[in-house]
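For the numbers below, each heavy atom of this structure counts, side chains included, while hydrogens, waters and symmetry mates do not. Order of the sequence lines sets the chain letters (A, B, ...), proteins ahead of strands, with each chain counted from 1.
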Amino acid sequence: MQLEQELERFLGFRDFRVGQREVVAHVLDGKDCFAMLPTGTGKTVCYQLSGYLLDGTVLIVSPLLSLMQDQVERMRANGEKRVVALNSFLSLQEKQRALEDLSAYKFIFVSPEMLANRQIRMAIRRLTIGLFVVDEAHCISQWGHDFRPDYLELGAVREELGSPVTLVLTATATKKVRADIKNQLRLTACMDVIHSVDRPNIALDVQKMDSRFEKQAQLLKLTGLLKGPGIVYFSSKKLAERYAFEIAEQHGLRTAFYHGDMSGEDRVTIQQQFIQNQLHLICATSAFGMGIDKGDIRYVIHFHMPGDLEAYLQEIGRAGRDGAPSIAILLYADGDEAIQLQLQDRDLPEEELVHLSPALTEQLPITERRFLEFYRELGLTPNQIKEKIQFRKRWKRENLYTFLNFIKGITCRRQFVRHYFEEEAKQEAISNCCDVCGVDHADFEGENETIEEQQDWQKYLEYLLK
DNA sequence: CGCGTTGGTCGTATGACCAACGCGGTGCTATACT
């Protein structure tokens, strides 16, 4: 068919990558499509090319401001001027102007929160939406149920816009999560384009430690041996900061930390430095990573475990996008799950709070408050809300314990992952598969590239002044 | 939950000990004011 020609004509690529062609074909056929494609497959191409080949506007729901800005800039750099991001980066005047002239844009990026705004929705309703895209759709299931409830309104918004053809994009979602997402978006008949989450070039290494001290020592040892660039994930902002300095000092590496308390400006700087190879490694919380377009990340270490296997795969999936051998190392000491258990509990309100009066609900911390208000506005009874809380708590806890089974397991890690995602078992042997099958660590060790010293004193000064 | 920090006590060492406490992650938007 001529889709290849269109691809070259509009985007300048010769060939489709895995899954892209199928997705575009479904969309052009007027079918809703759930696409689960590996990280780095260029999910953007799917909606961009579809957009050029169909009538109407492409509306893309995106979870992060930085991600939107990034996509907009990239598309503009490729010569597409009819693109805009409706978000809080726009001044009031810019926003008004954009809304008045919305039909001038072919691609509109928007956050779920913006779509909750009536004025915005009214403006969008005047358009013909040719394609409704939900990017990083696992966020619906991962965040929508607790701290970003507007994600749960997307189904209603979609219907309000006349149920346009919908494209759902993500890299990691189990069957259970895919069903949840479809349910939330009110998608009934939907074509699935599902590819494996398994990334054969990433060695899966779980290292069980006897104590925290051993874990600390191992982290310092590993960061000295491994060849970067790398990411180390923590569940604590304080520790991310501390180790960024300690590792830099001990190994003479250029490091930085990254977490949600930093200003947008600082976050952009660090991200750019990392992408442009100005840093050997980043010590980060889960705030870091989504939308990071860097091919040559060679290792991802977890000093703390994330809350479930999907989050883990998301985070390690940032390694080895270029296809070259990379390693994911998870350091685990007994009881590490305590932090995750605690965080999970904090997300959701205590069950008894469903009976709280609206006035008292306002006094609650913001996430708990919004959870309750959201379901009350939907007209749920206290008992129904209580059931939601119980269901959600159980869901999270079960996922955490399954992840623990992965960590404590004694079978091939890769087979475990494939089984968890209900994929077929892998037949062919993989070199450097996992710690159970055997990993040659020497393959991932080596001197880090030297980085020109520049403005180091500036960073140091900033640190001292804090 | 369990770790690390804080702060009180002891009673005279400028530290040592222990109990109590608090911390531990993810993002959007709106709007007022210095």
Side-chain angles (χ1 to χ4, degrees), chain A residues 61-70 85-92 94-96 109-121 135-136 138-154 157 172 209 211-216 231-243 257-264 267-268 283-292 302-308 310-312 314-315 332-348 365-371 373-374 392 396-397 399-401 404:
Chain A
V61 182
S62 174
L64 299 180
L65 296 175
S66 59
L67 210 60
M68 286 187 234
Q69 297 302 113
D70 225 55
L86 293 180
N87 59 36
S88 55
F89 284 171
L90 297 181
S91 68
L92 205 60
E94 286 173 320
K95 196 169 125 189
Q96 293 300 345
F109 289 85
V110 70
S111 66
E113 285 79 7
M114 268 291 180
L115 278 181
N117 180 315
R118 250 186 75 82
Q119 194 201 352
I120 303 276
R121 278 206 313 280
D135 198 11
E136 307 286 1
H138 55 277
C139 294
I140 295 180
S141 189
Q142 198 179 289
W143 292 350
H145 294 289
D146 35 66
F147 81 104
R148 290 182 74 179
D150 289 315
Y151 255 112
L152 303 188
E153 289 289 357
L154 287 182
V157 171
T172 36
M209 307 276 124
S211 69
R212 319 254 148 176
F213 293 112
E214 208 180 308
K215 232 170 71 167
Q216 290 172 27
I231 305 175
V232 186
Y233 277 108
F234 299 84
S235 295
S236 149
K237 294 176 264 199
K238 215 163 69 184
L239 285 189
E241 292 196 15
R242 192 181 299 166
Y243 280 102
F257 56 84
Y258 187 106
H259 56 65
D261 276 357
M262 294 159 63
S263 72
R267 290 165 72 152
V268 170
C283 295
T285 63
S286 58
F288 184 75
M290 209 191 283
I292 291 288
H302 278 82
F303 187 79
H304 291 128
M305 60 188 286
D308 56 44
E310 287 135 282
Y312 184 63
Q314 275 277 336
E315 289 171 356
Y332 176 81
D334 266 328
D336 272 359
E337 61 276 19
I339 295 182
Q340 284 303 330
L341 276 169
Q342 192 51 33
L343 290 174
Q344 286 185 359
D345 260 17
R346 203 202 289 173
D347 279 343
L348 293 157
I366 190 71
T367 45
E368 297 177 47
R369 173 185 158 183
R370 269 200 295 211
F371 184 95
E373 287 175 348
F374 177 78
R392 223 26 229 172
K396 287 188 171 197
R397 192 155 296 209
N399 286 345
L400 179 62
Y401 283 118
L404 267 181

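Put simply, the side chain of A:L400 does not reach to within 4.5 Å of the side chain of A:R397, judged on heavy atoms. With contacts defined as side-chain heavy-atom distances shorter than 4.5 Å, the pair A:F374/A:E153 qualifies. Taking the side chain as every heavy atom from C-beta outward, A:K396 and A:Q340 never approach each other to under 4.5 Å.
Remark: the backbone N or O of A:A333 is paired with a side-chain donor or acceptor of A:D336 at under 3.5 angstrom. Remark: the backbone N or O of A:G260 is not paired with any side-chain donor or acceptor of A:K237 at under 3.5 angstrom. Judged by distance alone, the side chain of A:R121 and the main-chain N or O of A:A116 form a donor-acceptor pair under 3.5 Å. The closest donor-acceptor contact from the side chain of A:Y233 to the backbone of A:F288 lies under 3.5 Å.
Nearest heavy-atom pair across A:P63 and A:D135 is CD-O, 3.8 Å.
Atom pair A:H304:NE2 and B:dG2:C1' shows a separation of 11 Å (rounding to whole Å applied). The CG-P distance, from A:D345 to B:dG25, rounds to 16 Å in whole Å. In this structure, NZ of A:K396 is placed 14 Å from P of B:dG25, rounded to the nearest angstrom. Rounding to whole angstrom units, CD of residue A:Q216 and C1' of B:dG4 are separated by 11 Å. If you measure from atom CG of A:D336 to atom P of B:dG24, you get 16 Å, rounded to the nearest angstrom.
Note on A:L341: nothing from the nucleic acid sits closer than 4.0 angstrom, heavy atoms only.
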Might you work through the side chain to side chain donor-acceptor pair (under 3.5 Å) test for A:E94 and A:S91, ending with a clear yes or no? CA-CA 5 Å; A:E94 286 173 320; A:S91 68; 3.3 Å; yes

Under the rule of Watson-Crick or G-U wobble with both distances under 3.5 Å, where | means paired to another strand and [ ] a crossing pair, DNA chain B maps to ((((((((((....))))))))))..........

Using atom names, set out every protein N or O paired with an N or O of nucleotides 17-23 of chain B below 3.5 Å, distance rounded to 0.1 Å.
none

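Using a cutoff of 4.0 Å between basic side-chain nitrogens and carboxylate oxygens, A:D146 and A:R370 are not scored as salt-bridged.
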For nucleotides 26-34 of chain B, read 5' to 3', which letter fits each nucleotide if B means a protein heavy atom sits under 4.0 Å from the base, S means only the sugar-phosphate is that close, and - means neither? BBSSS----

